[in-house]
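Inspection log for the structure reproduced underneath, given as structure tokens.
Just so you know, these numbers use all the heavy atoms, side chains as well, and skip hydrogens, waters and symmetry mates. This one's a predicted model, so the numbers in the text were calculated from it and none came from an experiment. Sequence lines set the chain letters: A, B, ... in the order given, protein chains first and strands last, and positions in each chain run from 1.
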Amino acid sequence: MANPRFSIGDEVTVRDETTLFHTRTQKFARGRTGVVVEHRPEWVIPEDEAFDRMETGRKEPFYVVRFKQTELWPGYTGQSIDTLESEFSERWLVPA
Amino acid sequence: MQYATLMERVRHLAPEERNVLDSPYQIPNELYAALRSVLHDVGGQPDAPTPYLEKGEEDWEMNTYLTCECLGWRGAWNSEMRRRAENDLGATMYFGLPYYARWITVAAKTLVDKGLITTDELGQKIDEIRARLEARD
Amino acid sequence: MTSMHDGHDGHNTFPVSSKVSEFEILELAVRELAIEKGIFSAEDHRRFAEWADGVGPHGGSKLVAKAWSDPAFKEKLLTKGTEACKEVGIDWLQPTGTGTPSDYTFFYVLENTPKVHNVIVCTLCSCYPRPVLGMSPDWYRTPAYRRRMVNRPREVLAEFGLHLPDDVEVRVHDSNQKSRFMVMPMRPDGTEGWSEQELAEIVTRDTMIGVALPDPKVRVPVPAGEVHQ
């Protein structure tokens, strides 16, 4: 795969796609919008690796996305400045 | 374990759910979605504060870690296959087993799934080792 | 609030039902079959055990202490984590030559500042930077920690005895892919003039997970010299 589609600072939304059996895209992140804060190297996506396709699996760029906690959890009881970061392969992100 | 003893144990697992989830003729879409949602994804689920304990690894737990890593090192599986296989255990086993018991159970399952060992080889080896260890103690 | 954390010397009773553990039996069965069939060797297992025996929180403690003492090293640690690790004797490619199957080789250090406090969790399993911190604590792997650290971080931190000011951003890192993280806490006051060795002793495991802060009065022994893996 060529250049990463998203740049640092881009607002992205995590896709809410039906997933059977295995995923590493958490339910709490789906449909939520955050900001790309880091690029990560290309790896085999976990949806392929989990089914013994380490060698032949699809590779994609990964991104660190930072969310405001108040975006993730309605009724968040901490402070409004609090954040959460997690990583997603390119297929899981769309421009916000 | 004797059949009757085993059945008695199984009967007591999540008894409040038994009438609802005993191979029902039909279930609503929402229940199907909940049942098939990926099990390890627990972040944000309601829970009460629980003491944070330092149990420390027993020998079999450390050996389980090492055996699972060696299986990965030599290409029998990868770590994501282990994590997926843990989900495949289903909720009762996933949450019923200690952490490393989940690991070693799915290591055995994956070797069988991949045709690297057979269930009868595994069963015979287990019986042989049990006899060896009981003689030791 | 009293801490729910029982500390490093907690001796709790964890009942075991019978004298020979079926888990021990199953592990031996899998290992012996794997060795008989040539999937891996007894020597592989021994080599991995030797590596596992050498890793522990002292690796991370040395990294942090060196970063506190040496600004150039700190910069390297924050930007080229695995490269910096080599300077204290930690090689992320060990023990296999390509890294461990579960930890991979992407290591990032998260710097605490007066405005940001970092904490790590893996909600999906229990991803943890074993090469620098050793085996994860048992509580880190529990569903209870995984469930609540993401949406109630300040409450969980309070249960560990850590109360952060309202104007400090709590940044939770849910380690859900191949990256492995470690927190670099801030150097506390009262440690001026301390040697790297002395500093390393206050950088406890929990301060590098992010559920505690270094305390000059709380010291854990750290072996001197390079980490031997």
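With a threshold of 4.5 angstrom between heavy atoms, C:S179 approaches chain A through its backbone and through its side chain. Of the atoms belonging to A:Q69, it is side-chain heavy atoms, and not backbone ones, that fall under 4.5 Å from chain C. For chain A, the nearby parts of C:R171 are the backbone and the side chain; heavy atoms of each come within less than 4.5 Å. Neither the backbone nor the side chain of A:S80 comes within contact range of chain C, judged by heavy atoms closer than 4.5 Å. Residue contact with chain A, scored on non-hydrogen atoms closer than 4.5 Å, involves the backbone of C:V168 exclusively.
Within a 6.0 Å sphere centred on CZ of A:F51, heavy atoms belonging to other residues, nucleotides or ligands number more than 12. Within 6.0 Å of CD on C:E43 lie more than 12 heavy atoms contributed by other residues, nucleotides or ligands. Crowding of C:K66 atom NZ: a count of heavy atoms from other residues, nucleotides or ligands under 6.0 Å exceeding 12. Residue C:D189 qualifies as open at atom CG: its count of foreign heavy atoms under 6.0 Å is 12 or below.
Proximity of C:F106 to A:E87: side-chain heavy atoms (C-beta onward) are nowhere separated by under 4.5 Å. Side-chain atoms of C:C127 and A:R24, non-hydrogen and from C-beta on, do get closer than 4.5 Å to each other. Between A:T77 and C:R154, every side-chain heavy-atom pair lies at or beyond the 4.5 Å cut-off. For the pair C:L124 and A:Q26, the minimum side-chain heavy-atom distance is below 4.5 Å.
From A:I81, atom CD1 reaches atom CG of C:D167 across 6.0 Å, with rounding to the nearest 0.5 Å.
Of the residues listed (A:D82, A:L84, A:T83), the one engaging C:V170 in a side chain to side chain contact (heavy atoms under 4.5 Å, CB included) is A:D82, and it is the only one.
Ranked by heavy-atom pairs under 4.5 Å with chain C, the list A:F62, A:F28, A:W43, A:F88 is led by A:W43.
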